[in-house]
Protein chains: 2
Amino acid sequence: MEVLSERKKRILHAVVASHIKTADPVGSRTVARTYRMGLSSATIRNEMADLEEMGYLEQPHTSAGRIPSQKGYRYYVDHLMTSSKLSDEEELSISRSLSSEKMREIEQIIANAVKVLSAVTRQTSLIMGPQFQKSTFQQMRILPLDERRGLVVLITDSGFIKNKVIELNQSLSPPELQQVVSYLNHKLFGLSIDQVTTSLINELKRDLFRRLEILEQAFILLEESLREEQQARVYLGGTTNILSQPEFKSVDKIHRMLSLFEQESLLFEILEKGLSEEGIVVKIGTENEYEDIHECSLITATYKIKQRVLGTIGVLGPTRMDYRWIIAVLRCLVDQLNRTLS
Amino acid sequence: MEVLSERKKRILHAVVASHIKTADPVGSRTVARTYRMGLSSATIRNEMADLEEMGYLEQPHTSAGRIPSQKGYRYYVDHLMTSSKLSDEEELSISRSLSSEKMREIEQIIANAVKVLSAVTRQTSLIMGPQFQKSTFQQMRILPLDERRGLVVLITDSGFIKNKVIELNQSLSPPELQQVVSYLNHKLFGLSIDQVTTSLINELKRDLFRRLEILEQAFILLEESLREEQQARVYLGGTTNILSQPEFKSVDKIHRMLSLFEQESLLFEILEKGLSEEGIVVKIGTENEYEDIHECSLITATYKIKQRVLGTIGVLGPTRMDYRWIIAVLRCLVDQLNRTLS
DNA sequence: AGTTAGCACTCGTCTCCTATGAGTGCTAAC
DNA sequence: GTTAGCACTCATAGGAGACGAGTGCTAACT
């Protein structure tokens with residue numbers, strides 16, 4: 001990456017800032033006037049021509065001003081953008097709406113966080129629900145309901161509770177059941193759900209079959225219930241916010257964007273990319289893998305439960321988005337979220 | 001309501017059918033030709049002028065054809081539309097996609113049904129999740145997790161399982177807990193969740209307080225968990241389908257529609273209206289209470305679990321929708337759904 | 001009396017044209 | 001290296017005209 005002169009940096013910064021604000025191409029005159037460069041528009045024009053040649057700016061058409069290219073945004077995010085602090089009111093409003101007393105259940109907290117985030121940023125926001133597989137097994141219980149049915153309850157360290165009614169093909173005496181359950185708890189305790197593989201389950205099954213040949217179905221169902229949520233839910237908020245963005249005024253574009261939002265599995269994949277790297281990740285335009293969001297940027301952050309990274313939360317908006325501010329909001333929200341969840 | 005001559009009925013029917021198919025205003029010539037009336041366009045023109053005067057048709061502008069008015073659609077739905085049977089393939093495809101083996105959990109069945117419905121009809125569809133309050137209490141268990149925490153499990157006759165971790169401010173001996181639980185089960189069994197009012201809970205609380213002054217927090221939480229889901233979830237599918245409809249090409253209209261979809265509580269109210277009446281309800285245009293869907297029609301049906309009406313499922317589309325066919329699809333789907341859920 | 005042919009009329013849509021103005025690139029002077 | 005000046009470009013808006021689908025009305029026909 002070439003080195004830009006101080007002046008070029010200032011001009012690029014000005015162009016990005018102005019375009020983020022107004023959504024219009026910005027001309028040399030505007031830069032000269034509004035950003036008090038102490039230079040005439042002609043000089044700025046020359047510099048902007050240079051910047052265009054280097055690929056940081058582009059022109060929608062000959063007689064329009066310049067807009068930042070993807071490379072320009074990247075440079076802005078990496079080198080020009082100063083980090084910003086939210087105002088006290090903003091911070092307060094986030095923490096207040098996040099911590100309404102009743103919010104005990106983890107899923108509710110997540111669902112609420114996405115609402116808050118989209119409301120504050122006025123963009124679309126997404127959260128990947130905490131990943132079941134990354135939590136560790138804590139205990140399992142079987143609650144007999146009647147002669148033929150039982151309720152399997154599975155509890156993980158991060159507070160997940162999953163349950164499933166199972167049918168037993170033979171009635172079980174409480175002590176027998178107790179025995180099975182405590183054996184399983186002993187074997188499984190502390191393992192992450194990821195580690196409860198089919199082969200491990202088969203092994204346990206073999207062990208138990210020797211003693212009681214009953215729980216066949218219970219096992220199948222336990223196994224199923226573990227596999228089934230391989231893919232955590234994705235929560236969406238403010239999906240219609242993109243409709244207010246001037247860059248999305250073609251129905252066709254809107255259609256493609258919104259269709260994407262209906263495909264949870266795709267959203268999941270998109271968010272999953274941010275999971276590997278702790279902290280904030282900014283993906284601009286075509287840096288995103290999916291074609292439908294090549295005109296968008298995605299800012300993601302990871303959140304944790306008890307020090308373990310469990311999910312991703314992100315904001316999706318047009319490439320022309322207020323990176324500085326949104327990153328600040330995201331930082332604040334994740335902080336709060338981490339605290340609430342632990 | 002006036003009586004229409006046989007001929008007027010045929011013409012109205014033709015106009016509605018043609019407009020549903022093409023979305024364009026339909027002219028006298030089209031009616032004469034495509035529907036083989038054995039009449040000249042001029043005659044039809046006269047009849048159409050009559051129908052317009054009576055309020056069944058309207059003209060977007062002087063030199064355009066006619067489109068059915070809301071009243072026209074109403075007449076069509078009430079008097080002209082014959083009921084239709086789905087083709088075997090259609091029926092098969094619905095029942096197949098609805099009954100994939102693994103679908104044990106009630107919420108998954110519901111979520112899947114809405115997907116199928118929107119995919120088949122290519123409209124937006126909504127389901128009100130089964131109403132917790134309408135089910136009856138079956139049993140409650142408290143599972144001690146450790147010294148200070150317990151898991152409350154609530155099971156209803158329709159297969160709902162709700163659970164919640166509670167903190168006990170004092171440790172409880174298993175027999176004490178057992179005592180409380182069996183007392184509660186005894187008192188609550190068979191009541192619908194609706195009937196478990198705050199005053200009833202208070203009464204129970206008084207009874208128990210005399211014996212053990214412990215479960216204060218457990219009670220608060222039980223109460224909360226009952227109240228909290230007063231309002232069942234609404235599942236949405238195919239929200240972007242309306243974007244393909246030619247009547248929704250203004251971004252503004254789309255925006256208003258989609259914003260509505262983000263407000264779950266409003267959707268709930270809309271669907272709730274259909275709950276009172278068993279069977280299929282068609283609401284056309286302004287017959288819907290909410291202004292944002294005054295250009296839409298909503299067809300709803302109720303579904304049951306074990307003979308009890310528990311929720312509403314519906315299709316939302318432009319007033320110009322294929323009522324006949326969609327009603328047939330909805331009938332078929334609800335049938336399947338009722339069978340699956342019982 | 002009901003039906004039909006004929007015709008003038010309306011009005012939305014499409015296309016072409018022009019005026020406008022923002023913003024550029026280039027050149028020459030400072 | 002910087003700036004003023006000027007010719008040039010091009011998206012956008014508005015207006016004029018052609019087109020055509022479809023109507024309402026009248027007069028003639030059965």
Side-chain angles (χ1 to χ4, degrees), chain A residues 4-12 14-19 21-69 72 246-247 249-251, chain B residues 4-12 14-19 21-69 72 246-247 249-251:
Chain A
L4 294 183
S5 71
E6 242 359 270
R7 197 164 72 182
K8 283 201 173 58
K9 283 188 192 171
R10 284 188 63 201
I11 291 174
L12 178 55
V15 172
V16 172
S18 167
H19 185 251
K21 209 160 168 189
T22 66
D24 291 321
V26 3
S28 52
R29 225 181 110 77
T30 318
V31 174
R33 242 185 328 147
T34 5
Y35 293 86
R36 307 224 139 280
M37 293 274 161
L39 291 168
S40 77
S41 64
T43 311
I44 306 223
R45 214 138 57 222
N46 289 330
E47 293 286 44
M48 281 166 79
D50 287 354
L51 283 168
E52 180 172 2
E53 209 166 322
M54 298 187 209
Y56 293 102
L57 295 180
E58 51 197 32
Q59 258 182 317
H61 56 267
T62 334
S63 73
R66 305 301 209 292
I67 58 173
S69 67
E247 32 268 277
K249 52 186 164 41
S250 118
V251 177
Chain B
L4 294 183
S5 72
E6 240 2 89
R7 196 164 73 180
K8 284 203 173 56
K9 284 187 192 170
R10 284 187 62 200
I11 292 173
L12 178 54
V15 172
V16 172
S18 165
H19 185 250
K21 209 161 167 189
T22 65
D24 291 321
V26 4
S28 51
R29 224 181 112 76
T30 318
V31 174
R33 242 183 330 148
T34 2
Y35 294 86
R36 308 225 140 278
M37 292 273 158
L39 291 169
S40 79
S41 65
T43 312
I44 305 223
R45 216 143 50 224
N46 289 329
E47 294 285 44
M48 281 167 77
D50 287 355
L51 282 168
E52 179 171 2
E53 208 167 321
M54 296 187 210
Y56 294 100
L57 295 180
E58 50 197 32
Q59 261 183 313
H61 54 267
T62 332
S63 72
R66 305 297 207 296
I67 58 173
S69 67
E247 32 268 276
K249 50 184 169 27
S250 114
V251 177

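Each chain gets a letter, A, B and so on, in the order its sequence line appears, and its residues count up from 1. The figures that follow rest on heavy atoms only: side chains count, while hydrogens, waters and symmetry mates do not.
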Each nucleotide of nucleotides 14-21 of chain D classed B (base within 4.0 Å of a protein heavy atom), S (only sugar-phosphate) or -, in 5' to 3' order, makes -------B
Taken to the nearest whole Å, CD1/Ile44(A) to P/dT24(C) is 10 Å
Residue pair Met54(B) / Leu4(B), side-chain heavy-atom distance below 4.5 Å = yes
Between Pro60(A) and Pro25(A) the two heavy atoms that sit nearest each other are CG-CG, 4.0 Å
Looking only at heavy atoms, the pair that brings Leu57(A) and Pro68(A) closest together is CD2-CA, 3.8 Å
To the nearest angstrom, the CE-C1' distance between Met37(B) and dT4(C) comes to 17 Å
Sequence neighbours excluded, the answer for side chain to side chain donor-acceptor pair (under 3.5 Å) partners of Arg33(B) is none
- Message: Can you confirm whether Arg7(A) sits close enough to Thr43(A) that some side-chain heavy atom of one is under 4.5 Å from a side-chain heavy atom of the other?
- Response: yes
Taken to the nearest whole Å, CZ/Arg66(B) to C1'/dT23(D) is 7 Å
Close N/O contacts between protein and nucleotides 14-20 of chain C (under 3.5 Å):
none

In terms of heavy-atom contacts, Ala32(A) and Ser40(A) come closest through CB-C, 4.4 Å
d(Ser5(B) OG, Leu12(B) CG) to nearest 0.5 Å is 10.5 Å
Separation between CZ (Arg10(A)) and CD (Glu47(A)), nearest 0.5 Å, reads 11.5 Å
Atom NE2 of His61(A) and atom P of dT9(D) are separated, to the nearest Å, by 14 Å
Taken to the nearest whole Å, CD1/Ile67(B) to C1'/dT23(D) is 15 Å
Residues Ser69(B) and Glu58(B): closest non-hydrogen pair is CB-OE1, 3.5 Å
Rounding to 0.5 Å, atoms CE (Met37(B)) and CD1 (Ile44(B)) come to a distance of 5.5 Å
Per-helix bend value, the helix from dA1(C)-dT30(D) to dC30(C)-dG1(D), C1' rotation axes over five pairs per end, 10° rounding, shows 20°
Leu51(B) CG to dG24(D) P, in whole Å, measures 12 Å
note: Lys249(A), atom NZ; dA11(D), atom P; distance rounded to Å ~ 13 Å
Discussion item. With heavy-atom distances below 4.5 Å as the criterion, would you say the side chains of Val15(B) and Tyr56(B) are in contact?
Written reply: no
Numerically ordered, the residues 23-36 of chain B set in heavy-atom contact under 4.0 Å with DNA chain D is Gly27(B), Ser28(B)
ask   = For dG5(D), does either OP1 or OP2 sit under 4.0 Å from a side-chain N or O belonging to Arg45(A)?
value = no
Just the atom pairs and distances: protein N or O near nucleotides 1-3 of chain D's N or O, under 3.5 Å.
| residue | atom | partner | partner atom | Å |
| --- | --- | --- | --- | --- |
| dT2(D) | OP1 | Arg7(A) | NH1 | 2.6 |
| dT2(D) | OP2 | Arg7(A) | NH1 | 3.2 |
| dT2(D) | OP2 | Arg7(A) | NH2 | 2.8 |
| dT3(D) | OP2 | Ser40(A) | N | 3.0 |
| dT3(D) | OP2 | Ser40(A) | OG | 3.4 |
| dT3(D) | OP2 | Thr43(A) | OG1 | 2.5 |

Output for pair (Ser41(A) OG, Met48(A) CE), nearest 0.5 Å, gives 10.0 Å
To the nearest angstrom, the CD-C1' distance between Glu52(B) and dG22(D) comes to 13 Å
Distance col, row Asp24(A):CG vs Thr30(A):OG1, nearest 0.5 angstrom, shows 9.0 Å
*Counting distance only, does the side-chain N/O of Thr22(A) pair as donor-acceptor with the main-chain N or O of Ser18(A) below 3.5 Å?*
yes
dist Glu52(A):CD -> Ile67(A):CD1 (nearest 0.5 Å) comes out at 10.0 Å
